[in-house]
Structures are given as structure tokens and as C-alpha cells.
S.K.: 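Here it is, the structure in full.
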Amino acid sequence: MRVLVTGGAGFIGSHVVEALTAAGHEAVVLDALLPSAHGADAAPPAAASGVRQLHGDVRDQDAVADALRGVDAVCHQAAMVGLGKNFSDAPEYVSCNDLGTAVLLTAMERTGVRALVLAGSMVVYGEGRYECPRHGVVRPGPRAVPDLRAGQFEPPCPDCGAPLRPGLVDEDAPLDPRNTYATTKLAQEHLAAAWARAVEGRAVSLRYHNVYGPGMPSDTPYAGVASFFRSALARGAAPTVYEDGAQRRDFVHVRDIAAANLIALEAVHTGAAAHRPGSFTAYNTGSGDPHTVGEMAVALAEFHGGPDPVVTGEYRLGDVRHITASSQRAARELGWRAHIGFAAGMKEFAAADMRASGMRAPLQQA
């Protein structure tokens, strides 16, 4: 199988390329080398043996058409990620993520490529799954600013105001993106589903939870909380934890994510039973072992030998309190499960190299 990996020189994309080549497949890389992920003066990294590597943007129709020559499936990783700096990033997010996806899918239609795996995200859910002792499963709205200022970070029951118990969200949960990045990730899924129906293609979205691991970009506002903490420790600074550190997340190792992409690509290429022509399927891809943001900061600091984390009580509008995954659909239909445990993964990441982005991240988390 020959696979085009957009964003294949990036953090997750490069691990996907490694997984593909190790499994005997052929990878073609198309990457724009955005400064937010690769630094201002980035040059294409050396290509692995047998990998065709192209420097180009998914918004460039000619570059995409060239990259698709002879391709059997596409693994679409190229995107601006993270919460960014502020709302002024919105035009670039929409252009990179949504226009880029539309250009890619149009080129796939013209060239006859009918298999797609999309890098989705858990951010499409907004807040995770909550249960009220009185009202059962409920969907809390955005947290109120006065509550956040008062240090009341847990969302209450929208019906009675009682404390809620967080749980695991599955793929049938309502979608409620609460920031620009999340909105563009949901739009990518809608585009992929529309493409699949129109051309009888097969599309999968892997809704990544909090991915971490070797090769994460450092010191950039366009990365996740694991990168922020690890970058601080590399500078000899304490990780800065927002709110009270009790936000629950599902931290999943990048090699597990690469394995999920490989399995999903083989499924859409061969047309496995769950992936008939015209189908779009979303899968949570998480570790199944939730931890708090504070626990991750403590683990990284301990394994790195750096300063203890500092919990600030600060907050960011657009952040959600708890979002953790049920990945049972991926286990059932794809046969995929994460294998790298929290402690082992954090120990490796604490000592791993990061890629320089050439940007300094403000204090923020996702």
C-alpha cells in the first residue's frame, strides 16, 4: 500500500511514516514545514529510505495532485493544532485545517483515491461525559467566568447545580466545540463525511486524545500541555499548572497513535466490513487510563529531575474541565488498543528529545 501522509514531517506524522515503513508499506510525505511546528528556518528533514518527501502545502492544488500520484490511501495529519495565541489566529486555523482539507479531498476525488484516515481530535466534544446523582447524564454548558475567578472549576449540574461525576465519553456523545481549533476539527470531519458519501469513499477520523512523546515541538503556543511542561523542565523552570491541576485527561503515547493510524489505513484500504463505500466512522483513540494534568506535571518533573510543578489557579476561556475517552469502538472494530502505560511513557518522554519550533510559548494549557 502506498500512503500519502500529509504533515508527515511533523510530530505525529513522522511516527506514522515510521510505522508504515516498518510494516512494509510505502510512504509519501507532503509537509509545508509550518514555523509553528518546525521553526522559522526549518529545512525538510532527511527522508527515510524509500520515502518520497515533498515540501508543499495541502492548500496548493498542484502540490497535492503531484503528491497523490500512485497513492492508494491518504493519512491526513497536516493541520494547525492547539489553542493558539488568541482569536486572531482564526483565519489561519480555518485556512490550514478546513480549506486545506477541502483542497485535498477534491484532489482525491479527481485522482480516484478513495481511502482516508483523518487526524481528528477529542476537542470536538467540548466537555466530557458527566453524571448528576439526581438527573443522570447531563451536558454542562461553558463554565461561568465568575465561577472560574472564584476558583470554582468543576461544572455543576445545569438542572440542579449539584456536583457532577466525570466519566468516559464515547463517539455517540453530542459534539460541542468550544474554541477555534475545535471548530475547525469538527468541520474537517463534516468535509470528510460529505466526501465519502459523494464519491463512495471510505473515511475514518481518529479522535486523538492528549498525544505526547518523543519529537514534540517545544516552546510553541501551538502544542499541548505535555509539551508546555516538558519545555519548561528543559529550561530548568517549574511546570506551571492552570486551575487546581485536577483536570482529567487521557494521555496517549504517540507510538500508540501511529499504530492506530496504520490499522485504520489498512482497514479503509481493504474495505473491511465496518468500512463500506460511502462510510465515515469516528474512533476515540485514547489510552483508557485517565490522569489529571497535575499528575502528569508531577510525573514529568520527577522523571526529569526538575523543579516541582507550580499550581497557579489561573484559567483560560475555552478550556474544558474533564475530557476522557472510551476507546472501545476502536478495540472492537479495528482491534486497536494502547499499549504504553502512563508511567513508562512519561519516563521516556521526560528524557526524550523535542523538536525546536523557534517560538516561545505563553503559559496556557489544553
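The analysis underlying the following values was restricted to heavy atoms, covering all of them including side chains, and did not include hydrogens, waters or symmetry mates. FYI, the numbering just counts along the sequence from 1.
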S.K.: For Lys185, is there an ion pair with Asp98 - N to carboxylate O distance below 4.0 angstrom?
M.R.: no
S.K.: Can you check whether Pro217's main-chain N or O pairs, donor with acceptor, with Ser227's side chain at less than 3.5 Å?
M.R.: yes
S.K.: Counting N and O atoms only, with roles assigned by atom type, does the side chain of Gln247 sit under 3.5 Å from a partner on the main chain of Tyr242, one being a donor and the other an acceptor?
M.R.: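 Side chain of Gln247 to backbone of Tyr242, a donor-acceptor pair under 3.5 Å: yes, one is there.
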S.K.: What verdict does the side chain to side chain donor-acceptor pair (under 3.5 Å) test give for Gln53 and Asp31, after you've listed the backbone C-alpha separation in whole Å, the side-chain angles of each residue and the deciding distance to 0.1 Å?
M.R.: CA-CA 8 Å; Gln53 188 152 294; Asp31 201 299; over 6 Å; no
S.K.: Got Val17 and His25 here, is their nearest side-chain heavy-atom distance under 4.5 Å?
M.R.: no
S.K.: Strictly below 4.0 Å, N to O, side chains only: are Asp172 and Arg329 in salt-bridge contact?
M.R.: yes
S.K.: Would you kindly say whether Gln188 and Thr101 are connected by a side-chain donor-acceptor distance under 3.5 Å?
M.R.: yes
S.K.: Hey, what do you get for NE2 (His339) to OG (Ser287), rounding to the nearest 0.5 Å?
M.R.: 12.5 Å
S.K.: Can Glu333 and Tyr283 be said to form a side chain to side chain donor-acceptor pair (under 3.5 Å), step by step?
M.R.: CA-CA 9 Å; Glu333 296 184 7; Tyr283 294 100; 2.7 Å; yes
S.K.: If two hydrophobic side chains count as joined below 4.5 Å and joins carry through other members, does Val16 share a cluster with Leu4?
M.R.: no
S.K.: Taking Arg255 first and then Glu348, would you say they form a salt bridge - that is, a charged N and a carboxylate O separated by under 4.0 Å?
M.R.: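 Salt bridge between Arg255 and Glu348, a charged N being under 4.0 Å from a carboxylate O: yes.
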S.K.: Name each donor-acceptor pair under 3.5 Å that joins a side chain in residues 193-204 to protein atoms two or more places apart or in another chain, with its distance.
M.R.:
{"unit_1": "Arg202", "atom_1": "NE", "unit_2": "Val268", "atom_2": "O", "d": "2.5"}
{"unit_1": "Arg202", "atom_1": "NH2", "unit_2": "Val268", "atom_2": "O", "d": "2.9"}
{"unit_1": "Arg202", "atom_1": "NH2", "unit_2": "His269", "atom_2": "O", "d": "3.4"}

S.K.: Work out which heavy atom in Leu300 is nearest to a heavy atom in Phe349; give both atom names and the distance.
M.R.: CD2-CD2, 3.6 Å
S.K.: Charged N to carboxylate O below 4.0 Å: is that the case for Arg207 and Asp170?
M.R.: no
S.K.: Does the Asn284 side chain pair with the main chain of Gly286, one donor and one acceptor, at a distance under 3.5 Å?
M.R.: no
S.K.: Any ion pair linking Asp147 and Arg149 (charged N to carboxylate O, less than 4.0 Å)?
M.R.: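 Answer for the salt bridge query: no.
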S.K.: Closer than 3.5 angstrom, by distance alone: can the side chain of Thr183 be matched with the main-chain N or O of Pro177 as a donor-acceptor pair?
M.R.: no
S.K.: For the CD1 atom of Ile12 and the OH atom of Tyr212, what is their distance to the nearest 0.5 Å?
M.R.: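 It is 13.0 Å, given to the nearest 0.5 Å.
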S.K.: Ignoring hydrogens, what is the shortest heavy-atom contact between Cys157 and His135? Give both atom names and the distance.
M.R.: SG-ND1, 3.7 Å
S.K.: Side chains of Asn97 and Tyr181, heavy atoms from C-beta outward: is any pair under 4.5 Å?
M.R.: yes
S.K.: Looking at Asp250, is its backbone amide N or carbonyl O close enough to the side chain of Thr324 to form a donor-acceptor pair, meaning the two atoms are under 3.5 Å apart?
M.R.: no
S.K.: Looking at Thr292 and Glu295, would you say the former's side chain and the latter's main chain have a donor-acceptor pair under 3.5 Å?
M.R.: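 At least one qualifying donor-acceptor pair exists.
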S.K.: Determine whether Thr21 and Val51 make a side-chain contact, defined as any pair of heavy atoms from C-beta on separated by less than 4.5 Å.
M.R.: yes
S.K.: Over all heavy atoms of both residues, which pair between Val74 and Val71 is shortest? Give the atoms and the distance, please.
M.R.: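 Looking at all heavy atoms of both residues, the shortest contact is CG2-CG1, 4.3 Å.
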S.K.: Other than Leu164, what residues sit in its cluster of Ile, Leu, Val, Met, Phe, Trp and Tyr side chains whose heavy atoms are under 4.5 Å apart, directly or through others?
M.R.: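 Grouped by the 4.5 Å side-chain rule, Tyr130, Val138 form the rest of the cluster around Leu164.
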S.K.: Between Arg114 (side chain) and Met108 (backbone), is there a donor-acceptor pair under 3.5 Å?
M.R.: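 Checking the backbone N and O of Met108 against the side chain of Arg114, a donor-acceptor pair under 3.5 Å is found.
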S.K.: If you apply the rule ring-ring contact (aromatic ring centres under 6.0 Å, His included), what do you find for His291 with Phe251, and how did you get there?
M.R.: CA-CA 7 Å; His291 288 267; Phe251 301 105; 7.4 Å; no
S.K.: Whether the side chain of His322 engages the backbone of Arg248 through a donor-acceptor N/O pair (distance < 3.5 Å, no angle test) should be reported.
M.R.: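 Here the side-chain-to-backbone pair exists.
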S.K.: Show me the pairs that pass salt bridge (Lys or Arg N to Asp or Glu O under 4.0 Å) and involve residues 118-132, at least two apart or across chains.
M.R.: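 Output for this query lists Arg129-Glu131, Glu131-Arg165.
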S.K.: Contact between Thr285 and Asp256 at the side-chain level, heavy atoms closer than 4.5 Å - yes or no?
M.R.: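 Not touching, per the 4.5 Å side-chain cut-off.
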S.K.: Which atom names give the shortest non-hydrogen contact between Met354 and Ser231, and what distance separates them?
M.R.: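 Shortest heavy-atom separation between Met354 and Ser231 comes out as CE-OG, 3.7 Å.
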S.K.: Could you tell me if the side chain of Leu99 sits less than 4.5 Å from the side chain of Val94, heavy atoms only?
M.R.: no
S.K.: Find out whether Val28 and Arg2 are in side-chain contact, i.e. whether some heavy atom of one side chain is under 4.5 Å from a heavy atom of the other.
M.R.: yes
S.K.: Under a single-linkage definition using a 4.5 Å side-chain heavy-atom cutoff for Ile, Leu, Val, Met, Phe, Trp and Tyr, are Ile257 and Val3 assigned to the same hydrophobic cluster?
M.R.: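 Linked, Ile257 and Val3 end up in one cluster.
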S.K.: Under the 3.5 angstrom rule, does the side chain of His76 hit a backbone N or O of Gly7 as a donor-acceptor pair?
M.R.: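 Flag not set: sc His76 to bb Gly7 has no pair under 3.5 Å.
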S.K.: How about Met122 and Tyr208: do any of their side-chain heavy atoms sit closer than 4.5 Å?
M.R.: no
S.K.: Looking only at heavy atoms, which two atoms of Phe153 and Leu148 are closest? And how far apart?
M.R.: CE2-O, 3.6 Å
S.K.: Counting only heavy atoms not in Gln328, do more than 12 fall under 6.0 Å of its CD?
M.R.: no
S.K.: Would you say that His209 contacts Ile323 through its side chain, given a criterion of any heavy-atom pair below 4.5 Å between the two side chains?
M.R.: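 They are in contact (side-chain heavy atoms under 4.5 Å apart), so the answer is yes.
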S.K.: Answer yes or no: is there a donor N or O on one side and an acceptor on the other, between the side chain of Ser95 and the main chain of Pro91, under 3.5 Å?
M.R.: no
S.K.: For Arg321, is there an ion pair with Glu243 - N to carboxylate O distance below 4.0 angstrom?
M.R.: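 Yes, Glu243 and Arg321 are salt-bridged.
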